[in-house]
Number of protein chains: 2
Amino acid sequence: MRQIIEERIGSHSHHMQAETPAAHQRVAPHVTLLHEGDPARRIMEVVEGTVMLTKLLPDGRRQVVELLGPGDMFGFANGETYVCSAESLTSCVLVGHDRAALERDAALASRVLRRFEIQLCAMHSHALVLGRMSALERVAFFLMRLMPEGMVSGSTLHLAMTRQEIADFLGLTLETVSRAFSELKRRGIVALARADEVRIQDRGSVRRLAGAA
Amino acid sequence: MRQIIEERIGSHSHHMQAETPAAHQRVAPHVTLLHEGDPARRIMEVVEGTVMLTKLLPDGRRQVVELLGPGDMFGFANGETYVCSAESLTSCVLVGHDRAALERDAALASRVLRRFEIQLCAMHSHALVLGRMSALERVAFFLMRLMPEGMVSGSTLHLAMTRQEIADFLGLTLETVSRAFSELKRRGIVALARADEVRIQDRGSVRRLAGAA
DNA sequence: CGACCTATTGAAAGCTATCAACTGGGGTGG
DNA sequence: CCACCCCAGTTGATAGCTTTCAATAGGTCG
């Protein structure tokens, strides 16, 4: 069983004046950060690294509902408890924000609001992907999501996720994801140095398949 | 072509002090409220009625990404433009909030923030539905979403959506949605007085199929 | 070097999409 | 007021894509 590695590296938050100052913490990869159903006390912010949010069905089917990077927030609640579990994919630096602090700190509230809007937009795109795209298109969308803005054809991406995790994100099975990668390879759109090292040979084709969503 | 019917019924917003006061407006059913790609000026709030947000793929495939009721917000932007189109399903009352007002009005910002969190949670559930549920489960989920809290078996729901709209919401085709309704009817879980009048005979089965998501 | 886990590939089954015909209800025009 | 038309919905048959089950390959770590 993995444990949460928590290491205080000081607070850089200047708008906090409360009894629970924001503390940065570093966590190792593949650590469960919080559980669906646990009491929702704080809103967490990703400072560095990648976090995935997951939901489970009673019979064990899993969906990765969101992938989070620097600036993104998690720890949402509908009522009293978290609606998703969260797990670090890479080594991460996180900050927790007390829910009460949102009422006091207008600058923080504004920043969180802006970020919620961005994440809501990302979820809208994801709904389109899950509801209407083929397996090949979904994997292309996944790759495009990982490509930095100014990326050119020929660059290499590192995947921090297994085929199973990618499948759970895209609403597919791990075999189908693997077949999609093979198909992209066969078409000369990507090259795989290793399973988690993807060289983008034809950025345009990836964009086109992803529907520029 | 349908047009937006706009009827001022006065402002009930007391925290506004800006150059663009919040104005309530009533719109007819099946009216396009805003278009994906248009410049994003205001955030809209549903006061009464139901609104659907949709996204399109270049080839015409459509996804209804969100269904909104009273209190819900829309008009999100990632950059300068709306990421979704919005259309009224029923007759609606709406209020527009100037984006600049969010900076000035802390009470409004707090309310919007809270609502964004609720909608984000709803999107997480929807991702689970779209990514991991069967057709029958999706339709059950859809019905559960429409059932009021204190609803008992035997009550009747009115659907404000066509089979095509439900299909676009659930990531299915209209035929599959129709077959799912027939299957629920065959199992005695629902009864259909008309295509848009659903009597819930067995609330428990609906909940179970929907995975209590 | 071997064990184990992840990924790939193959074959067959299953579910949903697609194509097509038919039904029914509502509205319109005669 | 009735008949017809039109559109939404239902149902059937077939095709296609993804899943499932299974076997093989590759890589990493002890």
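First the proteins, then the strands, lettered A, B, ... as listed; each starts at 1.
Within the structure, side chain to side chain donor-acceptor pair (under 3.5 Å) contacts touching residues 188-198 of chain B (residues at least two apart or in different chains) are B:His158-B:Glu197, B:Arg194-B:Asp196. Contacts classified as side chain to side chain donor-acceptor pair (under 3.5 Å) and involving residues 73-85 of chain B (residues at least two apart or in different chains) are not found.
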Query raised in the report: Where along nucleotides 19-28 of chain C does protein come under 4.0 Å, by heavy atom, of base (B) or sugar-phosphate alone (S), with - for untouched nucleotides?
Result: B---------
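In this structure the side chain of A:Leu68 reaches within 4.5 angstrom of the side chain of A:Gln119, judged on heavy atoms.
When the C1' atoms of four end pairs are superposed on the next four at each end of the helix from C:dC1-D:dG30 to C:dG30-D:dC1, using five pairs per end, the two resulting axes differ in direction by 30°, to 10°.
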Just the table, please: protein N/O against nucleotides 12-16 of chain C N/O, every pair under 3.5 Å.
residue: C:dT16; atom: OP1; partner: B:Ala135; partner atom: N; Å: 2.8

At a cut-off of 3.5 Å, list every protein nitrogen or oxygen paired with a nitrogen or oxygen from nucleotides 4-7 of chain C, distance to 0.1 Å.
residue: C:dA7; atom: OP1; partner: A:Arg163; partner atom: N; Å: 3.3
residue: C:dA7; atom: OP2; partner: A:Arg163; partner atom: N; Å: 3.1

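Taking for each of A:Val177 and A:Ala193 the nucleotide of DNA chain D with the nearest heavy atom, the 5'-most of the two is the partner of A:Val177. Annotation: of the two residues near DNA chain C, A:Ser182 and A:Arg132, the 5′-most nearest-nucleotide partner is A:Ser182.
B:Arg26 and B:Ser91 are linked by a side-chain donor-acceptor pair at a separation below 3.5 angstrom, with hydrogens and angles left out of the test.
Counting any heavy atom pair closer than 4.0 Å across all strands shown, B:Leu170 reaches no nucleic acid atom.
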Report task. Mind running side-chain contact (heavy atoms from CB on, under 4.5 Å) on B:Leu33 and B:Met44 for me, showing each step along the way? Result -> CA-CA 10 Å; B:Leu33 306 172; B:Met44 303 298 296; over 6 Å; no
Query - Derivation of the side-chain contact (heavy atoms from CB on, under 4.5 Å) call for A:Met147 and A:Val206 - result: CA-CA 10 Å; A:Met147 293 195 286; A:Val206 175; 3.7 Å; yes
May I have the list of side-chain donor-acceptor pairs in residues 129-136 of chain A shorter than 3.5 Å, sequence neighbours left out?
residue: A:Arg132; atom: NE; partner: B:Arg62; partner atom: O; Å: 2.8
residue: A:Arg132; atom: NH1; partner: B:Leu172; partner atom: O; Å: 3.1
residue: A:Arg132; atom: NH2; partner: B:Ala167; partner atom: O; Å: 3.2
residue: A:Arg132; atom: NH2; partner: B:Asp168; partner atom: OD1; Å: 2.8
residue: A:Arg132; atom: NH2; partner: B:Leu172; partner atom: O; Å: 2.7
residue: A:Ser134; atom: OG; partner: A:Glu137; partner atom: N; Å: 3.4
residue: A:Ser134; atom: OG; partner: A:Glu137; partner atom: OE1; Å: 3.3

Side-chain donor/acceptor pairs under 3.5 Å, residues 149-157 of chain B, sequence neighbours excluded:
residue: B:Ser153; atom: OG; partner: B:Arg203; partner atom: N; Å: 3.0
residue: B:Ser155; atom: OG; partner: B:Val152; partner atom: O; Å: 2.7

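By the ring-ring contact (aromatic ring centres under 6.0 Å, His included) test, B:Phe74 pairs with no residue at all, sequence neighbours left out. In this structure, the side chain to side chain donor-acceptor pair (under 3.5 Å) partners of A:Glu45, at least two apart in sequence or on a different chain, are A:His97, A:Arg111. Looking at residues two or more places apart in sequence or on another chain, you find a side chain to side chain donor-acceptor pair (under 3.5 Å) between A:Arg114 and A:Glu117.
Heavy-atom neighbours of A:Arg115 CZ from other residues, nucleotides or ligands within 6.0 Å: above the threshold of 12.
Salt bridge A:Glu183/A:Arg179: absent, no basic N to carboxylate O contact under 4.0 Å.
In terms of heavy-atom proximity, B:Glu165 sits nearest to B:Met52 at OE2-CE, 3.8 Å.
Under the 30°/60° scheme for interplanar angles, the aromatic rings of A:Phe169 and A:His126 are found to lie parallel.
On the nucleic acid side, DNA chain D has its first and last nucleotide under 4.0 Å of a heavy atom of chain A at D:dT18 to D:dT28, going 5' to 3'.
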